[in-house]
Amino acid sequence: MSRSKRVVRSAVKSEEKKSTLWIWAVIAGLGVVGLGALLVISLLPQAEATIDGLLQFPNLSRGHNDAVSYSDSLPPAGGEHASIWQNCGIYDTPVEGKYAIHSLEHGAVWITYQPDLPAADIEALQAMVRGQSFILLSPWPGLPDPVVLTAWGVQLSVPGVDDERIGEFINEFRLGRQTPEPGASCTGGVGSPTG
C-alpha cells in the first residue's frame, strides 16, 4: 500500500475515533444532565395528597410525659404523650389521649366518634376497621362532629360514617409518611380492645 493511501486511511481512522469519542461524550453528557434533573426533582417538595377539610398540625413535640393531660374537645393530634402506647383495636369506652398519641407516633389512625352516635353507625365503623392493624376506634366525649379521624399531625372531622373521606384518610395516613416512628408496635401497650 502506498504511503498516501496509508496517510488517508490513518486520517479517516483518526476522524472516526474523534466522531466516536464525540458521540460518547454527548451520551455521557446527556446522562449527567438526566441524573441531575432527577436529583433536582427528587429534592423538590412533593405535592401532599389533599383531603377536603384536613387540618394539619406541624412541628409537634414528641417528648414523653406520663402526667400530660388534654382539655380540648378534639382528640390531640400529637405532642407530648405517655411513655407507653395504647394497643390498637376497637374500644367501647374512651381511651386516654396520652396513650393514643403514642400509638399515632407509631403510625396508627385514631377514629373517634360521639358517644351518642346511633348503634348502627358505631357498628358500621367497627366493621370498617375490624381486623386492620394500626387503627384505634373509640368514643370521645364532646366531639363537635359525629366522627373525627386523627393521625400524627393531621385531623379530619366528618359528618357521618358513610363519608368517603374516612377511607381516604386511613389509606393516606395509616403508617403514612407523617409517621415519626414507622414500624414501631401498636400492640404490647395498655388497654384491652374488644375487637
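What you see below is based on every heavy atom in this structure, not just the backbone, and it leaves out hydrogens, waters and symmetry mates.
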* Asked: Can you get from V148 to L156 by hopping between Ile, Leu, Val, Met, Phe, Trp and Tyr side chains that sit under 4.5 Å apart?
  -> no
* To do: Rounded to the nearest 0.5 Å, what's the gap from CZ on R130 to CD on E123? Could you check?
  => 9.0 Å
* For the side chain of K98 and the backbone of N65, is there at least one donor-acceptor N/O pair under 3.5 Å apart? -> no
* Which atom pair, heavy atoms only, marks the closest approach of I51 to E172? -> CD1-CB, 4.4 Å
* Structure fact -> The remaining residues in the hydrophobic cluster of F134, counting side-chain heavy-atom contacts under 4.5 Å among Ile, Leu, Val, Met, Phe, Trp and Tyr, are L175
* If every non-hydrogen atom of Y70 is compared with every non-hydrogen atom of G97, which pair is closest and at what distance? -> CE1-C, 3.7 Å
* Rounded to the nearest 0.5 Å, how far does CD of Q132 lie from SG of C88? -> 11.5 Å
* Asked: From L136 CG over to I111 CD1, what is the distance, rounded to the nearest 0.5 angstrom?
  -> 9.0 Å
* For G188, does its backbone N or O pair with a side-chain atom of N87 as donor and acceptor, under 3.5 Å? -> yes
* **Heavy-atom pair with the smallest gap, counting every atom of P75 and L143** => CD-CD2, 3.6 Å
* Asked: Linking I/L/V/M/F/W/Y whenever any side-chain heavy atoms sit under 4.5 Å apart, do L125 and I170 land together?
  -> yes
* To do: Examine V95 and Y113 and state if one hydrophobic cluster contains both, with Ile, Leu, Val, Met, Phe, Trp and Tyr joined whenever side-chain heavy atoms are less than 4.5 Å apart.
  => no
* Going hydrophobic residue to hydrophobic residue with side-chain gaps under 4.5 angstrom, can you get from V68 over to L104? -> yes
* To do: Indicate if W110 and I84 have the same hydrophobic cluster label, given that clusters are the connected sets of ILVMFWY residues with side-chain heavy-atom separations under 4.5 angstrom.
  => no
* Separation of Q114 CD from D121 CG (nearest 0.5 Å) -> 10.5 Å
* Please state whether the rings of H81 and W152 are parallel, tilted or perpendicular, taking 30° and 60° as the class boundaries. => perpendicular
* Asked: What is the distance from atom CD of Q155 to atom CG of L54, rounded to the nearest 0.5 Å?
  -> 9.5 Å
* Structure fact -> From the list P139, P146, P94, S138, side chain to side chain contact (heavy atoms under 4.5 Å, CB included) with T112 holds only for S138
* Asked: Under 4.5 Å between any side-chain heavy atoms of V147 and D163, yes or no?
  -> no
* Using 30° and 60° as the class limits, which term best fits the ring planes of F173 and F169: parallel, tilted or perpendicular? -> tilted
* State, to 0.1 Å, how close E105 and T179 come at their nearest heavy-atom pair, and which atoms those are. => O-CG2, 3.5 Å
* To do: Sort out for me which residue in E181, E80, H102 forms a side chain to side chain contact (heavy atoms under 4.5 Å, CB included) with R62.
  => E181
* Asked: Any sub-3.5 Å donor-acceptor pair from S103's side-chain atoms to W85's backbone N or O?
  -> no
* For A77 against F57, the heavy-atom pair lying closest together -> CB-CD1, 3.6 Å
* **Nearest-0.5 Å distance that lies between atom CD1 in I135 and atom CE in M128** => 9.5 Å
* **Smallest separation among heavy atoms of Q178 and A151, with atom names** => NE2-CB, 3.8 Å
